[in-house]
Each structure stands twice: as C-alpha cells, then as structure tokens.
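Below is one structure, written out as structure tokens; comments come after it.
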Amino acid sequence: MRIGVYPGTFDPITLGHMDIIRRGAKLVDRLVVGVTTNITKSPMFDDDERIAMVQQEVAAIDGDIQVVGFNSLLMDFAEREGASVIVRGLRAVADFEYEYQMAGMNQQLNDRIETIFLMADVGLQPIASRLVKEIAIFGGEIHKFVTPAVRDAVEARITERALRQGER
C-alpha cells in the first residue's frame, strides 16, 4: 500500500489545499493529511479546531484520506504513518525555493521517503491561508478562497476575538 503524507498548518484550510488533497489522493492508496503546529506562526485556530475543520472539508473527497494531528519532525511523522511519499503543493517560484530546500533536508533525515510536488491549479495559485486571514480581518470577502463552512468559522473567530480592523 502506497501511503502519502500532505502536511500543513491549514489555518484555515483553503480551496488551494483542497485541490492538492483531491489530486494527491489519486496518486496514493491512502493520503494522510498531517495537521501540525508551526512554531513560527500564530494560528487563528487551535490544533483540534484545525483538525476538525480539515476532517469536515475532506469528508466528501473520493479516496482513503485520514486527518491526523502531529507535533514532530515531518519525517518522523511520515515514518510513523508508514508513508513512502510526502506531497507538497507549489504556487509560485518562491514556494519552490523553500520547498526544494525542505525536500533536501528531509532527504538527509530519511532517504526512503520521496517528496513530490504538485502545482496548484492556476486559478488557486495566489491563495494563501495567511492572506485569507488578513483579507477577512480587514473586512474583505474570502468566499473565493475557502468553502462556506470555513468562511463562517473564520468570520466567527474574528468576531469572537474582536480582530476586525479598518473600515469597510
């Protein structure tokens, strides 16, 4: 059985993430979506909320897709999951430079696990979770970038934490 891991913070999960999950699931027998905490980021949603959000969003996608939280080195997590492949999405050249370096480091940690890159759909390439949150905080519409359920969760969190900035 070929198992792949698609890691990310998914804060929040976007249509771009969903595109990579949908396409990545076709390449492996089981795709494990690894939801992690990035210590360099300040998440809008906690780990459990992000895991639940991703589970809800991937439920309708064909294929064997599992959502698992992790807080360790990616290669250790991938090894524990029995993965032979790491799936990464690319949006732009800047992504490639970062991902290329990460793939090289990961190969040094565990050369039995390959990294594959999927280009995001052209219409979804500009989408980034960071930008989605920023647009929402400043009162902009995010419906083109996330599902209605995720949009509602982001809006509720902004209201709950009184994060709204600027005037509309």
Side-chain angles (χ1 to χ4, degrees), residues 1-58 61-135 142 144-147 150 154:
M1 175 177 273
R2 182 170 300 246
I3 299 170
V5 168
Y6 177 45
T9 52
F10 305 105
D11 185 50
I13 186 168
T14 68
L15 296 178
H17 294 131
M18 296 293 292
D19 176 55
I20 299 300
I21 292 167
R22 190 173 294 105
R23 292 171 42 223
K26 293 177 184 176
L27 301 175
V28 294
D29 299 308
R30 175 183 301 137
L31 182 65
V32 178
V33 180
V35 180
T36 189
T37 300
N38 184 332
I39 59 173
T40 65
K41 297 180 181 179
S42 298
M44 178 176 275
F45 299 97
D46 69 28
D47 294 353
D48 292 336
E49 290 170 323
R50 288 182 287 117
I51 290 167
M53 189 181 298
V54 174
Q55 286 173 330
Q56 177 183 332
E57 294 301 312
V58 304
I61 297 177
D62 289 337
D64 183 357
I65 302 170
Q66 295 179 311
V67 180
V68 179
F70 76 102
N71 189 13
S72 64
L73 287 173
L74 171 58
M75 298 313 269
D76 291 343
F77 173 69
E79 184 82 30
R80 281 193 308 273
E81 292 297 321
S84 59
V85 134
I86 303 294
V87 176
R88 298 297 294 162
L90 296 175
R91 295 171 301 187
V93 173
D95 283 350
F96 178 77
E97 292 173 6
Y98 172 78
E99 294 294 345
Y100 179 80
Q101 182 179 23
M102 290 299 298
M105 293 296 285
N106 285 337
Q107 185 179 38
Q108 294 296 312
L109 293 172
N110 186 335
D111 65 1
R112 295 176 311 278
I113 301 174
E114 291 293 333
T115 300
I116 61 170
F117 300 108
L118 295 177
M119 292 299 299
D121 179 272
V122 156
L124 304 173
Q125 286 180 1
I127 302 173
S129 294
R130 175 184 56 80
L131 296 175
V132 168
K133 289 184 289 192
E134 186 175 323
I135 290 166
I142 60 172
K144 293 179 183 178
F145 314 120
V146 297
T147 65
V150 172
V154 169

Walk me through whether Phe145 and Val150 qualify under side-chain contact (heavy atoms from CB on, under 4.5 Å).
CA-CA 10 Å; Phe145 314 120; Val150 172; over 6 Å; no
Go through it in stages, so that I can follow the logic: the residues are Met53 and Val35, the test is side-chain contact (heavy atoms from CB on, under 4.5 Å), and I'd like the CA-CA distance, side-chain angles, deciding distance and then a yes or no.
CA-CA 10 Å; Met53 189 181 298; Val35 180; over 6 Å; no
Report the C-alpha distance between Met105 and Met75 in whole Å, list the side-chain angles of each, state the deciding distance to 0.1 Å, and finish with yes or no for side-chain contact (heavy atoms from CB on, under 4.5 Å).
CA-CA 10 Å; Met105 293 296 285; Met75 298 313 269; over 6 Å; no
Evaluate the criterion salt bridge (charged side-chain N to carboxylate O under 4.0 Å, His left out) for residue pair Lys133 and Asp11; output intermediate values, then yes/no.
CA-CA 8 Å; Lys133 289 184 289 192; Asp11 185 50; 2.8 Å; yes
Which is it for Val146 and Val154 under the side-chain contact (heavy atoms from CB on, under 4.5 Å) test, yes or no, and what are the steps along the way?
CA-CA 10 Å; Val146 297; Val154 169; 5.8 Å; no
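When the side chain to side chain contact (heavy atoms under 4.5 Å, CB included) test is applied to Leu27, the partners found at least two apart in sequence or on another chain are Ile116, Leu118. Remark: Asp19 engages Arg23 in a salt bridge (Lys or Arg N to Asp or Glu O under 4.0 Å) (not counting sequence neighbours). Judged as a side chain to side chain contact (heavy atoms under 4.5 Å, CB included), and not counting sequence neighbours, the contacts of Thr36 are Thr9, Phe70. The side-chain hydrogen bond (donor to acceptor under 3.5 Å, both in side chains) test applied to Ser72 returns Arg80, not counting sequence neighbours.
Pairs passing the salt bridge (Lys or Arg N to Asp or Glu O under 4.0 Å) check and including a residue from residues 110-132, sequence neighbours excluded, read Glu79-Arg112. Counting only residues at least two apart or on different chains, the ring-ring contact (aromatic ring centres under 6.0 Å, His included) pairs with a member in residues 12-31 are Phe10-His17.
Residue Ala103 comes nearest to Phe117 through the heavy atom pair CB-CZ, 4.0 Å, listed as atom of the first residue, atom of the second, then distance. The minimum heavy-atom distance between Val132 and Ile142, with the atom names listed, is O-CG2, 3.5 Å. Looking at every heavy atom in both residues, Lys144 comes nearest to Ile127 through O-CD1, 4.2 Å. Heavy-atom minimum distance, Ile86 versus Pro7: CG2-CD, 4.1 Å. Ser129 and Thr14 get closest at one heavy-atom pair: OG-CG2, 3.6 Å. Closest approach of Phe77 to Gly69, counting heavy atoms only: CE1-O, 4.4 Å.
Atom CD of Gln56 sits about 7.0 Å away from atom OG1 of Thr147, to the nearest 0.5 Å. Arg88 contributes atom CZ, which lies 10.0 Å from atom CD1 of Ile20 (distance to the nearest 0.5 angstrom). Once rounded to the nearest 0.5 Å, the distance linking CG of Leu31 with CZ of Arg22 reads 12.0 Å. Here the CG atom belonging to Asp76 is positioned 12.0 Å from the CD atom belonging to Glu81, to the nearest 0.5 angstrom. Taken from CE in Met102 to CG in Leu74, the straight-line distance is 7.0 Å, to the nearest 0.5 Å. Distance CD1/Ile51 to CD1/Ile13: 12.0 Å, rounded to 0.5 Å.
Here the side chain of Arg30 pairs no donor or acceptor atom with the backbone of Asp64 at under 3.5 angstrom. With Asp29 contributing its side chain and Ile3 its backbone, the two residues share no donor-acceptor pair below 3.5 Å.
Two residues are said to be in side-chain contact when any heavy atoms from C-beta on lie closer than 4.5 Å; Met119 and Gln125 meet this criterion. In this structure, Ile61 and Met18 have side chains that are in contact, with non-hydrogen atoms separated by less than 4.5 Å.
Defined by atom type and a distance below 3.5 Å, a donor-acceptor pair is present between the side-chain atoms of Thr37 and Asp47.
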